[in-house]
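Right, one structure below, let's go through it.
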Amino acid sequence: MYMPSLKHLLLLAPLLLASCSSSEPQEDPEKVFELHRESAFFHWQNRDLDRAEGQVLTALAIHPDDLSCNLYMGWIGLARGTTEDLLAAEQRFRGMKQQDDYRTDLGLAESLERLGVIYEESARAIESGRRVSVAADKPARITELYGMATGAWDESVSRYEEVLATKQNEVKAINGLQRVHALRGEYEQSLVWANRLISLVEIDLAYYEGQLERAGITDAEESRLRERMTNSVDLAERTYLLGASMLHELERTEVALEYLERAGGLAPDTADTWTRRAQLLMKLGRYDEALVCLDTYLRLSPDDFDHPDVQTAY
């Protein structure tokens, strides 16, 4: 059976829409729905959020409860990231009827995590005088915002844990838990999740390396594997950097330095890693090693000579 390509379907879209206003019989709604859903996926993959949203909304007008389209709407809100978009994403994930799908919990957990950051930042801004509050009772508003942040993060943790109850090695949920616990100042708990995430990433990297050594691997397969390896390395590097920050807060300087060294081993061209290593080495009295790290930072840093970080390094 002939299946039209997405490109062909997209070219047909104007004709399908035009037919709706003619005297000819209207196109089958199911075909129109599939057209717009496929088009939404195409634009989402290309990060064209406005076009993806337009196609999703047209598809939802036909099938309001469609799982994939509602997920797209939530993900688009997360990708945009404004307070308004995150609030809309939260309500979208809450309102989805397919609440037994782990992706709804995952989307809701991330929405709440990021809203918690916004609430806490707002509270701190009002508290410091950087933002003017229109509330009649300023202290009460600050307390309310801190409470909203706490509530959002509490539920975020719960939702991430529900995802893991279904998919115990879901990387996005584990990554989310390490972030939220860090945001709440629960560094020991965050480190537990960070180390679990690193273990999973190491397994993935070993698998990808093994696959790349297979005889007869195609160029397309190699390209796909290398892209996945790059993503895994990036995730591991960011996890080591976050872990180092938490260990530094816990005054476990030696272990924090080990995390930074591992991050540098994965991504040696990240300038920030080198300056952070230099700071910890100086704290430990290892000045010659610190100087080497500072020289490396100055060589890699994209900032101008007058940038405060560069001046501090000099």
Sequence neighbours excluded, which residues qualify as salt bridge (Lys or Arg N to Asp or Glu O under 4.0 Å) partners of [X]?
X      : value
Glu213 : none
Glu249 : none
Lys167 : Glu170
Glu53  : Arg80

With a 3.5 Å distance limit and no angle check, can you tell me whether [X] reaches the backbone of [Y] through a side-chain donor-acceptor pair?
X      : Y      : result
Arg131 : Ser122 : no
Ser158 : Asp154 : no
Trp274 : Asp269 : no
Asp101 : Arg103 : yes
Gln311 : Phe305 : yes
Ser199 : Asn195 : yes
Asn70  : Asp66  : yes
Thr312 : Pro308 : yes

| field | Over-ring placement of Arg47 relative to Trp44, 6.0 Å and 45° cut-offs | value |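 That pair qualifies as a cation-pi contact.
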
Any heavy-atom pair between the side chains of [Y] and [X] that's under 4.5 Å?
X      : Y      : value
Glu84  : Leu87  : no
Arg51  : Gln55  : no
Ile174 : Gln178 : no
Val310 : Tyr314 : yes
Tyr297 : Asp303 : yes

Check the hydrophobic clustering (I, L, V, M, F, W, Y; side-chain heavy atoms under 4.5 Å; chains of links allowed) and say if [X] and [Y] are grouped together.
X      : Y      : value
Leu266 : Val201 : yes
Leu241 : Val171 : no
Phe93  : Leu49  : yes
Ile198 : Trp193 : yes
Leu294 : Leu300 : no

| query | Yes or no on salt bridge (charged side-chain N to carboxylate O under 4.0 Å, His left out) for Lys31 and Asp28, after CA distance, side-chain angles and deciding distance? | reply | CA-CA 5 Å; Lys31 292 182 180 179; Asp28 181 355; 5.2 Å; no

Only distances under 3.5 Å count here; give the side-chain donor-acceptor pairs of residues 222-229 to other protein atoms, sequence neighbours excluded, each with its distance to 0.1 Å.
from	atom 1	to	atom 2	distance (Å)
Glu222	OE2	Arg226	NE	3.0
Glu222	OE2	Arg226	NH2	3.3

| query | With Asp272, which residues qualify under side chain to side chain donor-acceptor pair (under 3.5 Å), at least two apart? | reply |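 With sequence neighbours excluded, Asp272 shows a side chain to side chain donor-acceptor pair (under 3.5 Å) to no residue whatsoever.
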
Please tabulate, one pair per line, all N/O donor-acceptor pairs under 3.5 Å involving side-chain atoms of residues 277-288, not counting sequence neighbours.
from	atom 1	to	atom 2	distance (Å)
Arg286	NE	Glu289	OE2	2.9
Arg286	NH2	Glu289	OE1	2.9

If you look only at distance, which donor and acceptor atoms sit under 3.5 Å apart when one is on a side chain in residues 143-153 and the other is two or more places apart or in another chain?
from	atom 1	to	atom 2	distance (Å)
Thr143	OG1	Pro139	O	3.0
Glu144	OE1	Arg141	NH1	2.7
Tyr146	OH	Glu127	OE1	2.7
Thr150	OG1	Tyr146	O	3.1
Trp153	NE1	Glu113	O	3.0

| request: Could you list all the ring pair (Phe, Tyr, Trp, His ring centres under 6.0 Å) pairs where at least one residue sits in residues 206-248, not counting sequence neighbours? | output: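 Every ring pair (Phe, Tyr, Trp, His ring centres under 6.0 Å) pair that includes a residue of residues 206-248, provided the two are not neighbours, is Tyr240-Tyr259.
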
| field | Ser245 versus Arg276, side-chain donor and acceptor atoms under 3.5 Å | value |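 On atom types as modelled, these side chains qualify, holding a pair under 3.5 Å.
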
| request: Please list, chain by chain and in numerical order, all residues satisfying ring-ring contact (aromatic ring centres under 6.0 Å, His included) with Phe33, sequence neighbours excluded. | output: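 Phe33 satisfies ring-ring contact (aromatic ring centres under 6.0 Å, His included) with His63 once adjacent residues are dropped.
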
| By ring-ring contact (aromatic ring centres under 6.0 Å, His included), which residues pair with Tyr160, not counting sequence neighbours? |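 Tyr160: no ring-ring contact (aromatic ring centres under 6.0 Å, His included) contacts found.
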
| query | Stepwise, does the salt bridge (charged side-chain N to carboxylate O under 4.0 Å, His left out) test hold for Arg179 with Glu110? | reply | CA-CA 10 Å; Arg179 291 194 307 264; Glu110 185 176 346; 5.2 Å; no

| Apart from Val134 itself, residues in the same hydrophobic cluster as defined by side-chain heavy atoms under 4.5 Å |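 Members besides Val134: none; it forms no cluster.
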
